[in-house]
Amino acid sequence: MYYNFHDIEKKWQKYWEDNKTFKTPDDFSNPKKCYILDMFPYPSGAGLHVGHPEGYTATDIISRYKRMKGFNVLHPMGWDAFGLPAEQYAIQTGTHPAITTKENCDTFRRQIKELGLSYDWDREINTTDPKYFKWTQWIFIQLFNTWFDEDLQKGRPVSELPVPEDIIKSGEAAVREYVDSRRLAYYDNAMVWWCPDCRIVCSNEEVLFDGSHEKCGNPVEKKNLKQWMLRIPLYAERLLKGIDGLDWPEGIKEMQRNWIGRSTGAEVDFRLDGLEESLRVFTTRPDTLFGATYMVIAPEHPLTRKITTKSHRESVDNYIKAASLKSDLDRTDLAKEKTGVFTGRYAINPVNREKIPVWVADYVLTGYGTGAIMAVPAHDNRDFEFAEKFNIPVICILDPDITDPEQKKKITEGREAWTGDGRYINSADTNTGIDINGLNMEAGIARMTQWLESENLGSAKVNYKLRDWLFSRQRYWGEPFPVIHWEDGEISVMDEKDLPLELPELEKYLPGDSGESPLANAGGWLEVRDKNGRKGRRETNTMPQWAGSCWYYLRFIDPHNDRQIFDPEKEKYWMPVDIYIGGAEHAVLHLLYSRFWHKVLYDLGIVSTDEPYRKLFNQGMILAYAYENETGARIAADMVTERGGKFYHTETGTEVKQIIAKMSKSLKNVVNPDDVVLKYGADSLRLYEMFMGPLEVTKPWDEKGVKGVFNFLTRVFRFFTENANISTGSDEDPEILKKLHQTIKKVETDIENLRFNTAISAMMIFLNLATKKGKVNSETAGIFARILSPFAPHLGEELWSMFGNGESIAYQPWPEVNEEYLREEVYEYPVSFNGKLRFRIELPLSMDKEEIIEKVVSDERAKKWLETGTLTNVVVVPKRIINIVLKN
RNA sequence: GCCCGGAUGGUGGAAUUGGUAGACACGCAGGACUUAAAAUCCUGUGGGCAGUAAUGCCUGUAUGGGUUCAAGUCCCAUUCCGGGCACCA
C-alpha cells in the first residue's frame with residue numbers, strides 16, 4: 001500500500017480540529033498535571049522557518065506522551081505580535097499594523113496546524129488583542145502601585161508604605177514625591193540610547209558592544225528623554241537566589257548570575273582636603289586601602305565640578321564635555337588608551353591620612369557603585385594602566401603567592417599589577433591603629449571591613465550590575481501606558497475598570513525625530529479631564545515588546561476571563577510551567593524580566609509560585625549548508641551543483657567548498673517548512689527535526705536526512721498495513737517481544753530526558769527486526785503504533801484506526817514495559833588481555849567469578865595470549881567485561 | 001581579556017556516565033528486480049597490513065602527557081571552533 005501522507009495528514013488534522021481532541025478540560029480532579037510551554041513566536045511576514053518546528057515538535061512529543069501517561073496537559077500557543085516590522089510596514093504603506101499582524105498570525109497558525117501540533121487552540125492568545133493587553137496594562141498598574149520593602153525583601157502595595165513624619169508635614173507634593181521615588185515603576189529623565197535610523201529608544205541590552213542597534217545595525221546615540229523605568233535591581237538578590245532551585249541548563253543559569261553581577265565589598269568615605277563633603281567609593285578590595293595612591297571620579301558624578309579647583313576648571317570642563325560626546329564603544333576597553341585629568345583636589349586616605357590626588361576619568365562609570373573609586377594600581381590592572389600613563393606611584397602592599405623570583409620582584413617593585421592572593425606588607429599605621437600585615441586576602445578583607453565599620457569610615461556593601469529597566473518606547477505598535485500626566489504635575493494611572501486603553505487610529509505612524517512617539521499626534525485621544533475639570537494628557541510612549549511576553553504563560557491558564565487576569569484556582573492548579581522550551585537567545589532578558597514580574601505578582605499574592613518556569617530547555621539553532629570559493633566569497637546555494645561528493649559553481653565550473661552557515665536569503669539556503677511538508681509530509685518533518693541530533697545543539701539541515709526518516713515512515717506504513725505481516729494469534733516471537741519492550745523502555749526514558757534522536761533510532765531498530773522477521777502479532781503492532789504516535793501522530797492515528805480501533809490514539813494508555821521480557825540469562829562477555837579485546841564468550845549470568853575465570857582461561861582462544869606473559873589478575877565485571885592482566 | 005560549551009568515519013550523530021568505539025541514519029560501492037531509469041529490497045562500508053577465503057593482526061575519538069586492570073569518558077597542559085560578557089572597581 002502506498003504511503004499517502006498527504007491525505008492521511010489532512011484527514012487527521014481535520015479530525016483533531018472537528019473533535020477538539022486537544023482541548024484541555026478545566027477539570028482539576030486529576031492530580032497529575034503538566035504545563036508544557038513553547039516560547040511563543042513573533043509572527044513575521046516571512047512565515048515559519050524550520051527553526052520553529054524544532055522546539056514545537058519537542059514539546060508536542062512530550063505533551064502527547066504525557067497525555068498517554070494519564071496527565072492533564074496544558075499545551076497552548078499564541079502570538080507575540082507587537083513589534084517593529086508591522087509598524088515599519090505601516091510607515092511605508094499606510095496599512096494599519098493590526099492588519100499586517102492578523103495576516104501574519106493567520107499564516108503562522110495555518111503552518112503550525114499543518115505540522116499536527118497538539119495545541120489547545122481555544123486558548124490561543126495575541127499580545128496585541130485589547131482583551132489581552134488590558135491585563136498587561138493592569139500589571140503595569142500593579143508595578144506602579146508597589147514598593148519594595150528591603151527589610152522583608154518583598155514587594156508591597158504603596159498604600160502600606162510608611163511615610164516619614166517630616167515628609168507628611170511638608171505637604172502633599174512632598175508625600176507624592178516620596179511615594180513616587182519608591183514605586184517599582186517610575187517616570188524620570190534618563191540618558192537613553194537612541195537609534196536615529198529606527199527613531200526608537202533602545203535598552204542597554206539592545207545595543208551591541210560596537211555601539212550599533214541590535215535590530216538594524218546602525219550606530220546609536222545618547223539622548224536625554226523622559227522615560228518609564230522599572231526598579232528591577234531591587235529584586236536582584238531574590239532573582240539571584242531563585243536561580244539555584246531551577247532545573248535549567250547550567251550555562252543559562254550562569255549567564256543570569258553574571259548579568260545580575262553581584263559583588264561584595266565595602267563603601268568607604270574619603271574626606272576631601274579643603275571641602276566639607278567627602279567622596280564615597282565602592283570597592284571589592286578594602287584590604288588594599290594602603291595601596292590607594294589616587295582616586296577617580298566619573299565625569300558625570302554630581303561632585304565632579306564641585307571638587308575641581310579653579311586652576312583645573314578649564315581642563316576638567318573640557319574633559320567632561322569630551323566624555324559626554326564619546327560613544328560607549330570609545331569608553332570601553334576596546335579603546336586602548338585610558339584618559340583622565342587631575343581635578344586639583346586631594347582626598348585623605350582614611351587608613352594612613354595621606355593625601356592622594358583625585359582624578360576624573362571615564363573608565364569609571366557613573367551607573368555602577370558610587371561612580372567613584374579608590375585606585376590601587378599595584379593590585380588592579382585598570383588602575384595600573386592608568387597610573388603608568390600618568391606617572392602615579394604604584395605601591396605594592398601584597399607579597400604575591402608565586403615562586404617565580406623574576407615576577408615577584410617586578411610586582412613588589414610596582415612594575416606589574418598583582419590581583420591574586422598573598423601576604424600583606426606595608427599595611428599598618430600606628431596613628432590610625434590598623435594593621436593587616438602578614439594576613440592573606442580573605443582575612444585582610446574581613447579585618448579591614450571590620451575596622452572601617454568600627455571607625456565609622458565605611459561599611460560592607462553589596463553591589464549589582466543589574467540596572468533599572470528602561471520600559472518605554474517611542475512607537476505606535478505597543479501597549480499604551482494606562483497613565484495620565486496632569487497639568488499640575490501629578491502622574492496617575494488609570495482606574496482598572498477603564499482598561500483596556502486602546503490605541504488610537506492614526507493617519508501617520510512616523511515617529512518624530514526628536515524622540516517623540518507617533519502617539520503625540522493622536523489629537524483627541526491625548527486629552528483627558530477629570531471630574532474637577534483638571535486637564536491631563538495621556539502618556540505617548542508605549543511599552544516594549546518584552547511586556548506582553550513577560551506574563552503570557554499566565555494568561556494561557558484562563559485566556560477568556562474578562563473579570564480577572566485569571567481565576568486563582570486555575571492558576572494554583574496549573575502553575576508552575578513544568579517545561580519551557582525555546583531558543584537560547586532569550587537566556588537572559590526575557591527570562592529575567594519574566595521572573596521579575598512573576599516575583600512581584602507573587603509578593604502581591606496574585607500568583608502562587610515564586611518562580612514561573614520549573615524546567616527550561618534551549619533548542620539549538622538549525623543552520624544550513626552554504627558554499628564559498630577559494631577566496632572565501634559566499635556563493636548562493638542555487639549556483640552550486642553536486643557531482644561525486646564535490647561541489648561546483650554552475651556557471652564557472654570551479655570547485656567550491658561546502659560550509660555551514662546560518663540560513664539567509666542572500667545565500668539562498670533558507671528551508672521553508674511548507675516545502676518540506678509538501679514533499680515529505682509533516683510527520684517526516686517532525687521526525688527529521690528530532691532525528692538530526694540532540695535538541696540542544698546547533699546542527700545543519702540536510703535534505704538527505706529528511707529522506708532517511710521519510711523512508712522509515714514509509715517502511716512502517718508498508719509493514720503494518722500488509723495483512724500478511726500481522727498475525728491475529730497471541731503468540732509472539734520471543735526476540736520480537738524482547739526488542740519491543742526494550743524499545744518501549746528506551747523511547748520512554750528518552751522522551752523524559754528530551755533525547756528524541758535516540759528514541760527514533762530505537763524505533764528504527766525495532767522496525768528493522770520486525771521487517772527481518774516478517775511477522776508480528778496485532779498486539780505488538782498496536783504497541784508500536786502507540787509509541788510512534790507522539791513523534792509521527794498522523795501515521796500513528798492512521799495505523800491505530802486501521803487496526804480496527806475506534807477512538808483517537810491520542811489518549812490511549814502508554815504501553816507498560818514488561819520487565820519479564822527483558823530478563824537475560826546469558827551474556828556475551830568481551831574478553832580482553834591487558835585491555836585489548838581478543839574474543840567473546842557467551843556465559844550464563846548466574847555463573848560466579850571463579851567459574852568465569854576458569855572457563856575463560858581454559859578457552860582454546862585464550863592460550864595464544866596467555867603465553868605472552870604471566871597471569872597476575874583477572875577483572876570480571878558482571879554483565880560488562882572480562883579483563884585478563886598479564887605481566888612480562 | 002574573562003565565563004560557559006564543544007571537537008568521535010566521507011556526513012548528521014550513538015556509546016548503559018570508567019567497561020565491546022562508530023548504534024541509527026545519510027552517502028558511497030556491489031548485487032537483485034526492470035527493456036531502461038526511478039523507486040524498492042539485499043550485502044558491504046573508520047584507516048592500514050596479510051590472506052583465494054572464513055579470518056587474523058596493527059592502528060584509531062583535536063594534540064601532548066598522566067591516573068587506572070581498563071579512558072571518547074577522569075586529571076594536567078596545548079590548539080582550534082561556537083555562545084555569552086566586556087573598564088562593573
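Below, each value reflects all heavy atoms present in this structure, side chains not excepted, and no hydrogens, waters or symmetry copies. Numbers restart at 1 for each chain; the letters A, B, ... are given by sequence-line order, proteins then strands.
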Nearest-angstrom distance, [atom1] atom, [N] to [M]:
| N | M | atom1 | value |
| --- | --- | --- | --- |
| rC80(B) | rU8(B) | C1' | 16 Å |
| rC85(B) | rU67(B) | P | 42 Å |
| rA21(B) | rA14(B) | C1' | 10 Å |
| rU55(B) | rA36(B) | C1' | 40 Å |
| rG44(B) | rC76(B) | C1' | 43 Å |
| rC58(B) | rG1(B) | P | 45 Å |
| rG22(B) | rU79(B) | C1' | 25 Å |
| rC74(B) | rU61(B) | P | 15 Å |

Side-chain donor or acceptor of [X] paired with backbone N/O of [Y] under 3.5 Å:
| X | Y | value |
| --- | --- | --- |
| Lys465(A) | Ser263(A) | no |
| Lys389(A) | Lys338(A) | yes |
| Thr293(A) | Val376(A) | no |

Going by heavy atoms in the side chains, are [X] and [Y] under 4.5 Å from each other?
| X | Y | answer |
| --- | --- | --- |
| Phe5(A) | Asp683(A) | no |
| Ile884(A) | Arg838(A) | no |
| Thr868(A) | Asn834(A) | no |
| Phe791(A) | Val747(A) | yes |
| Glu585(A) | Met621(A) | no |

So what's [N] paired with, Watson-Crick or G-U wobble, going by both distances under 3.5 Å?
| N | value |
| --- | --- |
| rU16(B) | none |
| rG56(B) | rC49(B) |
| rA25(B) | rU11(B) |
| rU68(B) | none |
| rC2(B) | rG84(B) |
| rU78(B) | rA62(B) |
| rU34(B) | none |

Of all the choices, [options], which nucleotide is nearest to the side chain of [X] once you look at every atom?
| X | options | answer |
| --- | --- | --- |
| Asn258(A) | rC3(B), rA15(B), rU16(B) | rC3(B) |
| Met764(A) | rA89(B), rA25(B), rA14(B) | rA25(B) |
| Phe282(A) | rG84(B), rC85(B), rA89(B) | rA89(B) |

Report which part of the nucleic acid [X] touches: base, sugar-phosphate, or nothing (heavy-atom distance under 4.0 Å, all strands).
| X | result |
| --- | --- |
| Asn757(A) | sugar-phosphate |
| Lys704(A) | sugar-phosphate |
| Lys864(A) | sugar-phosphate |
| Gly251(A) | sugar-phosphate |
| Trp248(A) | nothing |
| Arg715(A) | sugar-phosphate |
| Arg838(A) | sugar-phosphate |
| Asn463(A) | nothing |
| Asn711(A) | sugar-phosphate |

Item to check | Derivation and outcome, salt bridge (charged side-chain N to carboxylate O under 4.0 Å, His left out), residues Glu860(A) and Lys863(A) | outcome: CA-CA 6 Å; Glu860(A) 191 59 31; Lys863(A) 262 195 191 132; 3.8 Å; yes
Checklist entry - In terms of base orientation, is rG9(B) syn or anti, with the syn window spanning 90° either side of 0? => result syn
Item to check | Chi class for rU17(B): syn within 90° of 0, otherwise anti | outcome: syn
Checklist entry - Is there a side chain to side chain contact (heavy atoms under 4.5 Å, CB included) between Val676(A) and Trp701(A) once you walk through the steps? => result CA-CA 12 Å; Val676(A) 183; Trp701(A) 184 272; 3.9 Å; yes
Next on the checklist: For a salt bridge (charged side-chain N to carboxylate O under 4.0 Å, His left out) check, start with the C-alpha distance between Lys253(A) and Glu250(A), then their side-chain angles and the critical distance, and finish with the verdict.
Outcome noted: CA-CA 5 Å; Lys253(A) 285 162 79 166; Glu250(A) 268 318 307; 3.5 Å; yes
Checklist entry - Considering heavy-atom distances to RNA chain B, does Ala762(A) or Pro694(A) have its closest nucleotide positioned more toward the 5' end? => result Pro694(A)
Protein-nucleotide distance ([X], atom [atom1]; [N], atom [atom2]), rounded to Å:
| X | N | atom1 | atom2 | result |
| --- | --- | --- | --- | --- |
| Met690(A) | rG13(B) | CE | P | 14 Å |
| Leu589(A) | rG84(B) | CG | P | 12 Å |
| Arg861(A) | rU55(B) | CZ | P | 13 Å |
| Arg262(A) | rC3(B) | CZ | C1' | 19 Å |
| Leu289(A) | rA89(B) | CG | C1' | 13 Å |
| His301(A) | rA89(B) | NE2 | P | 17 Å |
| Ile252(A) | rC4(B) | CD1 | P | 14 Å |
| Ile852(A) | rG19(B) | CD1 | P | 18 Å |

If the cut-off is 4.0 Å, is [X] near the phosphate of [N], judged by side-chain N/O to OP1 or OP2?
| X | N | value |
| --- | --- | --- |
| Ser263(A) | rA89(B) | yes |
| Tyr368(A) | rA89(B) | yes |
| Lys836(A) | rC57(B) | no |
| Asn768(A) | rA25(B) | yes |

Next on the checklist: Using a 4.0 Å heavy-atom cut-off to protein, can you give one letter per nucleotide of nucleotides 65-80 of chain B, 5' to 3': B if the base is in contact, S if only the sugar-phosphate is, - if neither?
Outcome noted: ----BS----------
Checklist entry - Do Thr339(A) and Tyr319(A) meet the criterion of a side-chain donor-acceptor pair at a distance under 3.5 Å? => result yes
Checklist entry - What are the two closest non-hydrogen atoms of Lys662(A) and Asn669(A), and how far apart are they? => result O-ND2, 3.6 Å
Within the sub-3.5 Å range, which N or O atoms of nucleotides 6-12 of chain B have a protein N or O partner, and how far apart are they?
unit_1  : atom_1 : unit_2    : atom_2 : d
rU11(B) : O2'    : Tyr625(A) : OH     : 3.4
rG12(B) : O2'    : Met692(A) : O      : 2.6

Next on the checklist: Over 60° means perpendicular and under 30° means parallel, so tell me whether Phe390(A) and Trp359(A) are parallel, tilted or perpendicular.
Outcome noted: tilted
